[in-house]
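We're numbering straight along the sequence, starting at 1. Since the model is a prediction, treat every value here as computed from it, not as a measurement.
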Amino acid sequence: MDWFQNKKKKAVEQPEAEAAVPRSEAAVPRSEAAGGARGKLNEIMSAGPASKGVVMKLYLENFKHLNKIFGYDYCEELLSQITAYLSETADGNVYRHIGVEFIIVLEQFSEGRASELGEEILERFDHVWTINGIDCLCSAQIGLCSYPGHAQTTDELLKRLDLAVSSASESGPNQLAVYDSVLHTQFMRKQAIALYLQTALENHEIEVRYRPTYNLNTGRFTRADFYMRVFIQGIGLIGAGEFLPIAEDSGQIRAIGYYALEQVGRCIAELTEAGKEFDSICMPVSPILFLQENFLDEVSRIMETYHIPAGKLALELDESALGSAYLNINIIMQELSDMGVELVLNGFGSGYTPISSILDLPVQTLKLERMFVWQLETEPRSASIFGGLIQIARDLGLHIIAEGVETENQLNALNKFGCEYQQGFYYAPTMNQDVLMKVIGTSLEESRLTIEEEKLKLKR
């Protein structure tokens, strides 16, 4: 589902006690006692135009994992080796920042020269570090930002470096990214969206939409997925896939998520009162919202307020969210299932978690990774995988949904495998609740004119 497309590489982590970060005397970079990284950055940022260069931020990506495997003493020595190497390579201009982050100030460096140094450092991280005869691979990400230029203050500079490191991490381990005009444009866009979201709910500027799902067995639209979009002046129309990750980062996800839950509850109540026959209305849930302390209470309140029958409210969680918070999420899912909530696992078959994990989860419905649907037309071998996943779901007594259906060839392939639920623009675009009231429970032929009108609206 669109909510999580931009989030698959960012599986949520349940807060836990921070792994011990070694800090032996040998591991402490120079000048830390005199103010550390922030002190040095304050110094160069306040020096005026005469001060110029590049700041490098290095983040040890898998250090916490290594700490759990090898223990404190091993990682203390590992950190000491890494710090000594960085200090030697960068002529001592290395400052410990937060946890296992390092700031390296490269005064009078050009971006090109700094990038060459960064690549040299990352090449070292491609090789093992040996501690007491035991080897390990410690991966790192590097972000670069020139000064003065993209940042006027220390806080701005640190934010730009964070964005560069995040951009590097999207390409895999041991990567480097430069904060340039492209990243700056992306940053300003995210900042504008976050600012807009602060008042969007109060001003009723978030548009609520639904995408119907076709039931192959009954020949009718019996489900729908909740969706949101907003129009921002100067940016245009953006979907939930873009603005919800920003809401997660800015702390606005609770307000927006509970607003969405309220809208879904009201929709289900109105469909039920109108006598519409449908299976469920599904709302994708951010894993951050899912793990909120009062989430179960909010779901219970919505179900009671709108008198929602068991099975009519469906909540969708992305498979990638199960990675590091599996136990807590499983417990919450069990309680939701007991409350009569249908649970949908999105991204089934994407490989973030073992397929066998669904045996332990109280899910009733699996949503296939849309990549499989797209590959049905371009990669003949994908049909075997697709058919196998559908058969697994069928054998386990689970419903399965294929999303992203856009062509007749995809439709024919899905029908060949007997995929129960199908969703995508081929069937219907997103629509407001008034139009959904006309479409839900109808056949393709009965809703054809209404759906064609909705598709035409998108072309205007």
Side-chain angles (χ1 to χ4, degrees), residues 1-14 211 213 215 222-227 240-241 244 248 257 260-261 264 279-291 295-296 299 310-373 385-405 414 417 419-424:
M1 184 64 191
D2 292 330
W3 281 43
F4 298 113
Q5 290 308 306
N6 293 331
K7 297 296 287 177
K8 285 195 168 186
K9 301 187 87 147
K10 223 175 145 184
V12 103
E13 290 192 8
Q14 177 70 359
R211 187 185 293 278
T213 302
N215 187 326
T222 60
R223 304 174 62 98
D225 282 358
F226 177 84
Y227 180 69
L244 284 176
E248 291 179 343
L261 187 61
V264 171
D279 295 332
S280 61
I281 305 297
C282 182
M283 171 187 152
V285 181
S286 159
I288 293 176
L289 183 68
F290 199 85
L291 292 169
F295 179 69
L296 289 170
V299 174
K312 294 301 183 184
L313 171 63
L315 297 178
E316 176 187 308
L317 192 67
D318 197 83
E319 183 184 296
S320 62
L322 301 178
S324 55
Y326 183 86
L327 180 59
N328 286 347
I329 286 178
N330 194 344
I331 292 172
I332 295 171
M333 292 178 86
Q334 293 287 349
E335 295 195 43
L336 288 169
S337 181
D338 292 341
M339 292 163 56
V341 175
E342 178 190 4
L343 296 168
V344 180
L345 187 64
N346 182 38
F348 177 59
S350 60
Y352 281 94
T353 55
I355 290 179
S356 60
S357 66
I358 63 174
L359 297 175
D360 301 321
L361 297 171
V363 297
Q364 294 86 39
T365 304
L366 304 173
K367 183 176 284 188
L368 281 169
E369 168 64 43
R370 65 173 60 200
M371 171 188 66
F372 293 126
V373 176
I385 299 175
F386 193 91
L389 292 173
I390 292 178
Q391 189 60 50
I392 289 173
R394 187 178 291 125
D395 290 345
L396 293 174
L398 302 174
H399 301 296
I400 195 156
I401 301 172
E403 63 175 343
V405 183
L414 291 171
F417 291 114
C419 184
E420 182 181 8
Y421 290 105
Q422 301 173 24
Q423 179 191 92

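- Put simply, CE on Met333 and CG on Asn328 are 13.0 Å apart, with the number rounded to the nearest 0.5 Å.
- The minimum heavy-atom distance between Glu248 and Ser286, with the atom names listed, is OE2-OG, 2.5 Å.
- When all heavy atoms of Gly347 and Glu319 are compared, the pair lying nearest together is O-OE1, 3.2 Å.
- Shown here for Val341 and Val299, the closest heavy-atom pair between the two residues is CG2-CG1, 4.0 Å.
- Taken from SG in Cys419 to CZ in Arg394, the straight-line distance is 8.5 Å, to the nearest 0.5 Å.
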Discussion item. Walk me through whether Asp225 and Lys367 qualify under salt bridge (charged side-chain N to carboxylate O under 4.0 Å, His left out).
Written reply: CA-CA 12 Å; Asp225 282 358; Lys367 183 176 284 188; 2.5 Å; yes

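- Taking OH of Tyr421 as the start and CG of Leu414 as the end, the distance is 15.0 Å to the nearest 0.5 Å.
- The shortest distance between side-chain heavy atoms of Leu315 and Val344 does not fall below 4.5 Å.
- Shown here for Ser280 and Gly311, the closest heavy-atom pair between the two residues is CB-O, 3.3 Å.
- Between Asn215 and Glu420, the closest side-chain pair of non-hydrogen atoms falls below 4.5 Å.
- Side-chain contact between Ser337 and Val363 is absent, with no heavy-atom pair separated by less than 4.5 Å.
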Item to complete: Would you check, one step at a time, whether the test side chain to side chain contact (heavy atoms under 4.5 Å, CB included) holds for Phe290 with Leu336?
Response: CA-CA 11 Å; Phe290 199 85; Leu336 288 169; 3.6 Å; yes

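- The distance from atom CG of Leu366 to atom CD1 of Ile400, rounded to the nearest 0.5 Å, is 5.5 Å.
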Item to complete: Kindly determine whether Gln334 and Asp338 satisfy side chain to side chain donor-acceptor pair (under 3.5 Å), including the steps that lead there.
Response: CA-CA 6 Å; Gln334 293 287 349; Asp338 292 341; over 6 Å; no

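- Side-chain contact check for Ile401 versus Leu368: every heavy-atom pair is 4.5 Å or farther apart.
- In plain terms, the two heavy atoms of Cys282 and Glu316 that are nearest each other are SG-CB, 3.5 Å.
- Remark: Ile332 CD1 to Leu296 CG distance equals 6.0 Å, nearest 0.5 Å.
- Of all the heavy atoms in Phe226 and Pro284, the pair that sits closest is O-CD, 3.7 Å.
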Fill in: Stepwise salt bridge (charged side-chain N to carboxylate O under 4.0 Å, His left out) test for Glu342 and Arg223
CA-CA 12 Å; Glu342 178 190 4; Arg223 304 174 62 98; 2.9 Å; yes

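- At least one side-chain heavy atom of Leu396 sits under 4.5 Å from a side-chain heavy atom of Leu359.
- Between the side chains of Gln422 and Thr213, not a single donor N or O lies within less than 3.5 Å of an accepting N or O.
- The aromatic rings of Phe386 and Phe372 sit perpendicular, their planes meeting at an angle over 60°, well past the 30° parallel limit.
- A distance of 10.5 Å separates CG in Leu361 from CG in Leu398, rounded to the nearest 0.5 Å.
- In this structure, Leu343 and Thr365 have side chains that are not in contact, with every pair of non-hydrogen atoms separated by 4.5 Å or more.
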